[in-house]
Structures are given as structure tokens and as C-alpha cells.
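Data block below; observations after.
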Amino acid sequence: MLIPEVVGMRLDGALSEGITATDLVLTITNLLRTKGVVGKFVEFYGPGLKWLSLADRATIANMAPEYGATCGFFPIDEETIKYLKLTNRDADQVALVEAYAKAQGLWNDGAEPTFKDSIELDLTTILPSLAGPKRPQDKILLKDLKATALALTSAASSVAIEGKDFNLSHHDVVIAAITSCTNTSNPSVMIGAGLLARKARQLGLRAKPWVKTSLAPGSQVVTEYLERSGLLEDLESLGFHIVGYGCTTCIGNSGPLDTAITQAIDTNDLTVSGVLSGNRNFEGRINAHVKANYLASPPLVVAFALAGTTAINLAQDPIGKGTNGQDIFLKDIWPSTQEIKDIIEKVITPEIFAERYSTVFDGDILWKAVESTLSKTYTWNDSTYIKHPPYFEMKIDKPADIENAKILALLGDSITTDHISPAGSIKENSPAGKYLLSKSVPEKDFNSYGSRRGNHEVMMRGTFSNIRIKNEMLPGVSGGYTKLLDGQDQQMSIYDASIAYMKTNVPLVIIAGKEYGTGSSRDWAAKGTRLLGVKAVIAESFERIHRSNLVGMGVLPLEFMPGTSRKTLNLTGTEQVSIQGLSADIYPKMALKIIFKGTTEQIVPVLVRIDTEDEIQYFLSSGILPFVLNMLAKQ
């Protein structure tokens, strides 16, 4: 196995007044992504830790996929014990954790570990921040957001919205979502959002009418302390009503925008904004109509719902006008650290956790009403939500060279798992939509890809269907399309093309640039790739999680040698691709040759990015699932 390198990140100082854990984590994400920690562990240490709550630490660790690390972690210390007691853990368990950590040398006693490589961050330098408009590592200081937004497209004359008494312009915020993730389980930012809402309400501020607001707490405990403090009422007064628990806007489950608003956006090609407290804002993920999406703390999400635009410098511009017509600034409604601390100490107690989690596995009346049978195996039926997957029935072939494969897509840099994996709503004219219509499912019941992730027929039809993906085989075209290279070379959906190739037993490959597969661990990005008949993905570099997932699905990840790329090779996507060397013994990080046959023939060496012996076995078994099944069958 590979032993990951551990990179240290030393934190010094303390966060300044008014700075949130979100501001800190967006800064860390930017620094670590710039440094390059893909495939590495990141351990946080230093004197700054004593000023970070466990919830703050969890917010930082939760962003590991965004800054590229395999994981980010903190040492065990008094803050850990404090959290265990707060969350009503058994006293014996708490004592065991402390004793074990100290006996094993895992307890943080103040001595700083030594690292081969480290980076330092002074917490006193952190400033109010957002990230966007497309990636979580693209940090923007709050004071610079207006300039960043206007650099995308200049402010245009406003567009009248049919049937409404307001207009819409570039950069107007149409989605403001406190969306469920680690951020919304962090008391400091959630109480902060509630206090900001309370102060705004008292001064007469209201969310702009074109903003779709929502609140998805990270747990029922969050709901409990917002209710006990009275802050939930303040949030609801500004439109932040609880919409549920679990992934919401962050995974594209914002629901539809008002029809009149979407018509205005589409007709006038408006670049409107979303602001959300999640950790992922990749292209096409949040909402098909929203091109610019920014990550921000929950208090800032509320603030931008009040402002209604991202073309604003909230550090100096008024956020709105109060009841008496006076200008109200963000500083007038921003809660102090002490105000937040006072409410946390008053309302968050071990009793809340004991009460809320005592029935956490019982479910509500709707869950209890679901009919089920007592069986060791699942009874498959003709559901459009869950369908028996084909992963165990896929034929396991002996390793062989790949001959005369066609290129399904020719892609650029930073293709994320959100470009690859299905997410968000299902459109009627999409391959997935047509499939559901064929099953007599009306469009109003299509739901989302996330809701139908148990049906591979739906999900494979949505793979590579992101509206912002650009296949360089079709210049000027956005969306999940390709060119079927059958002599007529017609444009069609990637799914339809893959099916056409399958019928004639043509193997397929994907060609891409740097950082292929960045983003969170998304199993369907690999599953869908395999189901579309892709045998290999050839890229300049891979994100660790997706590379591993490709191997786990029996798809071969190949990496161009340094200095070689689709651009240096002048690939157009029309070439035939043969991969030689697979018929011999395969071993980790071996070299292979690829022959690209186009107007000329090019022989190109590539690196096999199967990195361990275990991964070799997964690949030879056509994926990790057949591998495990075969292991069980031998027992």
C-alpha cells in the first residue's frame, strides 16, 4: 500500500472579531489547493488550535475534498473531551477516549510535531471571504466581490419581470441558501445567522423579492437551539424557512425558480448569482439557470438575501434601507462574538442532544408507514427509483490491448465530478427524461438525479450531461454532447453516442487536461463512466478520489507524461486510439504506449495510474464489487 505523505499546517493566533469559521476554511482551501496536497494527509497543529472550537475544526476537515487532500485532521485535546461531554456521550466513553489518546501519544500536549513539509497560517490575517463563482478554492475577499462580479459581465440595464413589481439584472442573487453541510452544524455561524436576521428584522430590512431563500439545518439539534433562542422565528421572517435535512441546494436540490424569473434569465442571458453556505459550487451544480455561485458563511447568506445582488461591496455600501429610510450597513447588523457566545452558552446543552437523538432512528409517521418485508435480500421490483444494477454481471475479460477506440469526449482542465456525475433536476428532453417518460412518469414527478441515484438507467443517461461541460470536439457547444464518428459525424448526446458505439462493439476513451475529477467523492462519476462503455480515461493529472473510483469500476486511468497533452498532440477528438501493453503483466505505475491515428500517427508513452497492488487486483476483476463478490464466493 502507499503511505500518504502528511503535510503539516501550523495555525497561529486567533480569529479577529467578526470573522467566521467559513472565512477561515475558504482561506485554507485556497492555500492548500495552491500548494498541492492531492493524495496527501493534512494535519493541523500549532498554538492557534486552542482558539478553534471542535465545530470549527470539523468545518475545516470537511473541506478536504475541496483542497484536494485525502483527509484533514486535528489532534485530540481538551476541546475533543469538551465536545464529547456537550453531546451527552457516556462518561466512561469520554474517559476512555482521553486515557487512550494519552497512552498512545495522540494527545496534544503542546509539543509541535515535525513534518517533511508544512505551511503556516496566522489566523489574525483572515478577512471576511467568499469563494466562487465556479470553484471552492477561488477565494474572494468580501470587499473585492463587486469588482470580481463585474469582471464576469458589466452591470446591464435591468429587465422587467412579467407579472412582478421588480426588475432583474446581472449579478442579482436569485438563490440564498443556508444549505445542509458541516457549516450548518456549527453553532457559531448558525447563531450568527439568526442574530443577523434578528437585527435586520428589527431595523425593517427584508429579503429582496427575487431571492429564493431556504434553510437546511445540519441536524435536528440545530433546529432545537434555533427554536429555543427564538432565532428561528427571525430567520423565517426573512424567508429562511426549514426545508429539510440533508443535501439541498449544495447538490442542486434548490427546486425550480419562479417561471417568470427563469424566462427573464434565459431570454436576456442574465448572469445571476447564488450564495450558499455549502462547500461545493462547481459549474452547473447549484441550478441550471444560475451561472455564478458563491460559497459564504450562513450570516453572509442572509446578508446577500437582503442586498439582493453580488455587485456590491458590503464592506462599505449600504445593504438596504431601514423602516425610517435610513441606510443600513452590514456592520450595523453583524453580531459580535460575545453575542453569539452568550446564546450558545445559554441554549446549547447536553440535554438537547439527549432529547433529539433518543428517537433519531425511529423516523416520522411517513417513514413508519413504508411497507417492507423481512428478508435477507432485497425484492427487486419495477421501480424507476431503484433498479438491480449490472455491476456484478459485467463480463470479466483477461487484460488485453485496446484497439481502435473512439474518443467519446475531449475535455479541458479542472473537469470536476460535477461535470461528470448526474446532479440536479432532470429535464424532459434529456436522455434521462425521455427514459422516465417511457416509463409513464410525468415530468412533474421526475424529481432529481440525487433522488433516483439507485436507478442506473437514469444515472448513466445523466453522466457527462452537465450544462456547462465543454467537449472540444464541438467548438462553441456547451452541455453533454459529442460527435458520433460513424462517417456522418453528427452531433448527439454523449449517452446516445455511447449506446451507438456499444452496438458495434467500439471501445471508448475520454481525453482530458489537468486536475481531472476534482471535487468530492462521487461514486456515480465513475459508475456512469463505466456504464457508458469507457475503457480508459487519459488525462494530464487526476484528483485522487476519482482516480481511485475509476479503478474501482474497472476503468483504466492513464496519465500523459510531463510536457505532453491533448494540445501538444493537436488532438481533435476524431482520432482512433489504441492502447498497447495491457496484454502483458500489469503492475503499478507501469508505462504503456498509445497510438493516436488521425491525419498522422503518433506514438505516445503514458503512465498507468493504478498505484497499488490492491488496485491491480480490483482492475483485473473488472472493479472492486466483482472482486469482493469473488472473494466471498471462495470462502
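Quick caveat, the model's predicted, so the values are computed rather than measured.
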Pair Ser430, Arg461: side-chain N/O donor-acceptor within cut-off below 3.5 Å: no

Salt-bridge present (Asp523, Arg453; N to O < 4.0 Å): yes

Chi angles and distances behind the side chain to side chain contact (heavy atoms under 4.5 Å, CB included) call for Leu485, Tyr501: CA-CA 9 Å; Leu485 303 173; Tyr501 284 129; 3.4 Å; yes

Flag side-chain contact, heavy atom, 4.5 Å: Pro256 against Thr262: no

Heavy-atom closest contact (Glu543 atom, Gly517 atom, distance): CB-O, 3.2 Å

Sole residue of Asp413, Ile420, Thr416, Ile538 in side chain to side chain contact (heavy atoms under 4.5 Å, CB included) with Tyr516: Ile420

Side-chain ion pair, Lys40 and Asp117, N-O less than 4.0 Å: no

Expected output: side-chain Arg452 to main-chain Val458 donor-acceptor under 3.5 Å: no

Contacts of type side chain to side chain contact (heavy atoms under 4.5 Å, CB included), residue Gln137, not counting sequence neighbours: Thr29, Arg33, Arg135

Side chain to side chain contact (heavy atoms under 4.5 Å, CB included) assessment of Ser273 paired with Tyr294: CA-CA 8 Å; Ser273 301; Tyr294 300 91; 3.9 Å; yes

Glu615 side chain vs Val551 backbone, donor-acceptor pair below 3.5 Å: no

Shortest non-hydrogen separation from Tyr67 to Val37 and the atoms involved: O-CG2, 3.2 Å

Backbone N/O of Gln576 and side chain of Asn404: donor-acceptor pair under 3.5 Å: no

Tyr391 side chain near His456 side chain, heavy-atom distance below 4.5 Å: yes

For Ile60 against Val25, the heavy-atom pair lying closest together: CA-CG2, 3.5 Å

Non-hydrogen atoms of Thr564 and Val604 that approach each other most closely: CG2-CG1, 3.9 Å

Arg10 versus Ser118, side-chain donor and acceptor atoms under 3.5 Å: no

Validation row: Leu130, Leu295 side chains within 4.5 angstrom (heavy atoms): no

Residues Val577, Phe596; criterion side chain to side chain contact (heavy atoms under 4.5 Å, CB included); working and verdict: CA-CA 5 Å; Val577 182; Phe596 291 101; 3.8 Å; yes

Under 3.5 Å donor-acceptor, Ser578 side chain and Ile595 backbone: no

Donor-acceptor contact below 3.5 Å, side chain Asn293 vs main chain Asn281: no

Non-hydrogen side-chain atoms of Leu556 and Leu582 separated by less than 4.5 Å: yes

Separation between CD of Glu443 and CD of Glu428, rounded to the nearest 0.5 Å: 4.0 Å

Side-chain H-bond candidate by donor/acceptor type, Glu515 with Ser414, under 3.5 Å: yes

Closest contact, heavy atoms only, Pro4 versus Gly39: CB-O, 3.7 Å

Residues which pass side-chain hydrogen bond (donor to acceptor under 3.5 Å, both in side chains) with Asp486, listed by chain and number, not counting sequence neighbours: none

Matching residue for Ile407 among Leu508, Ile511, Asn471 - test: side chain to side chain contact (heavy atoms under 4.5 Å, CB included): Ile511

Asn455 side chain to Lys387 backbone, donor-acceptor under 3.5 Å: no

Parallel, tilted or perpendicular, as decided by the 30° and 60° cut-offs, for the rings of Phe44 and Phe74: parallel

With sequence neighbours excluded, residues passing salt bridge (Lys or Arg N to Asp or Glu O under 4.0 Å) with Lys597: none

CA sep, side-chain torsions, deciding dist, call: Met459, Lys527, side chain to side chain contact (heavy atoms under 4.5 Å, CB included): CA-CA 9 Å; Met459 298 300 284; Lys527 288 178 181 176; over 6 Å; no

SB check Glu472 Arg566 (cutoff 4.0 Å): yes

Over all atoms of both residues, closest heavy-atom pair of Ile586 and Pro399: CD1-CB, 3.9 Å

Donor-acceptor contact present, side-chain Asn30 to main-chain Leu26, <3.5 Å: no

Under 3.5 Å donor-acceptor, Ser277 side chain and Thr179 backbone: yes

Met9 and Ile28, any side-chain heavy atoms less than 4.5 Å apart: yes

Thr482 side chain vs Leu408 backbone, donor-acceptor pair below 3.5 Å: yes

Test item: Asn466 side-chain N/O and Asp418 main-chain N/O as donor-acceptor pair under 3.5 Å: yes

